[in-house]
Amino acid sequence: MDSSEFAPAIQSILATAREREGGGERVSVDPRSLPRAIERAEADGRVPLVAEVKPTSPTTDGERTDDPVDLARQMVDGGAAALSVLTEPEHFGGSPETLARVREAVDVPVLRKDFVLREGQLDTVAADVVLLIARFVDDLPGLLAAARDRGFQVLVETHTVEEVEKAVAAGADIIGINNRDLAKLEVDLGTFERVAEAVPENVTLIAESGIGTTDDVARMRAAGADALLVGSAIMDGDVAANTRRLTRTETQ
Ligand SMILES: O=C(O)c1ccccc1NCC(=O)[C@H](O)[C@H](O)COP(=O)(O)O
């Protein structure tokens, strides 16, 4: 992978991710099903939302320092089908310990959001779902298999049709399309609309990033999103109210 094409913040994220130690002991997970959590939300009329505990980021001003467990509970109270927890410490204010505490406190599936590059890093903490970013992982089939061997469900994040093809060839059954271009850090919801057609019907499809309004929710759902991953728009202000507003969006 040639990192020089990426924004400086991404180059820094990747440099620290390459250095990060993995966990000591091999993790073994009995996961809460993300596809079933999405179905349950649909069945009771909530927009399936993966709400993200995201204290800060390279594109966020300041840092939210409230107790992440309290924020996570508010997201679930607001109707979130699942949660995403950043575990990247240097650029996102996350930690594996935070994820472990959140997962203990809620009963919905929890995604580990990080920049996992090699097998040992899967053993840092147990989660129901782990993120692998197609653009950054050299051996996607190998790392996907290693994650599944440990019991994780795997969300493979993509940004282009070519990356969707790479994810499908690797056997991904949950695919995210990130509206944020990690080369420039620009967000364009048109990305999901353009790329979603390349994703097979039997794959659980998640729209990621830049979703802030009920119109954005309706737009992503109309383009085929089974679920939406939302961070900033939920973390900015009243977390329960923000989650409720987005999960109750009428899309028909
Ligand atoms: O969010 C960032 O600033 C960011 C910068 C560099 C790499 C990744 C970044 N975000 C990771 C994510 O995937 C988002 O946290 C997630 O999709 C939620 O996005 P949003 O709703 O726009 O906060």
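Both ligands and their constituent atoms are indexed starting at 1 by order of listing. Only a predicted model underlies this, so the values are computations on that prediction, with no experimental measurement involved.
The closest side-chain donor-acceptor pair between Ser28 and Arg150, if any, does not fall under 3.5 angstrom.
Ile211 and Ile175 fall within the same hydrophobic cluster, where Ile, Leu, Val, Met, Phe, Trp and Tyr residues are linked whenever their side-chain heavy atoms come under 4.5 Å apart, directly or through other members.
Closest approach of Ala233 to Gly212, counting heavy atoms only: CB-CA, 3.6 Å. Taking both residues in full, the closest heavy atoms of Arg103 and Arg32 are given as O-NH2, 3.1 Å, listed atom of the first, atom of the second, then distance. Considering all non-hydrogen atoms of both residues, Met75 and Ala51 come closest at SD-CB, 3.7 Å.
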One pair per line, please: each N/O atom of ligand 1 matched with every protein N/O atom under 3.5 Å away, atom names first, then the distance to 0.1 Å.
unit_1: ligand 1; atom_1: 1 (O); unit_2: Lys54; atom_2: NZ; d: 2.7
unit_1: ligand 1; atom_1: 1 (O); unit_2: Arg180; atom_2: NH1; d: 3.2
unit_1: ligand 1; atom_1: 3 (O); unit_2: Ser57; atom_2: OG; d: 2.8
unit_1: ligand 1; atom_1: 3 (O); unit_2: Thr59; atom_2: N; d: 3.3
unit_1: ligand 1; atom_1: 3 (O); unit_2: Thr59; atom_2: OG1; d: 2.4
unit_1: ligand 1; atom_1: 13 (O); unit_2: Lys113; atom_2: NZ; d: 2.5
unit_1: ligand 1; atom_1: 15 (O); unit_2: Glu52; atom_2: OE2; d: 2.5
unit_1: ligand 1; atom_1: 15 (O); unit_2: Lys54; atom_2: NZ; d: 3.1
unit_1: ligand 1; atom_1: 17 (O); unit_2: Ser209; atom_2: OG; d: 2.7
unit_1: ligand 1; atom_1: 19 (O); unit_2: Ser209; atom_2: OG; d: 3.4
unit_1: ligand 1; atom_1: 21 (O); unit_2: Gly231; atom_2: N; d: 2.8
unit_1: ligand 1; atom_1: 22 (O); unit_2: Arg180; atom_2: NH2; d: 2.9
unit_1: ligand 1; atom_1: 22 (O); unit_2: Gly210; atom_2: N; d: 2.9
unit_1: ligand 1; atom_1: 23 (O); unit_2: Lys54; atom_2: NZ; d: 2.6
unit_1: ligand 1; atom_1: 23 (O); unit_2: Ser232; atom_2: N; d: 2.8
unit_1: ligand 1; atom_1: 23 (O); unit_2: Ser232; atom_2: OG; d: 2.5

Can I get a per-line list of side-chain donor-acceptor pairs under 3.5 Å for residues 198-209, giving both atom names and the distance, sequence neighbours left out?
unit_1: Ser209; atom_1: OG; unit_2: Asn178; atom_2: OD1; d: 2.6
unit_1: Ser209; atom_1: OG; unit_2: Arg180; atom_2: NH1; d: 3.1

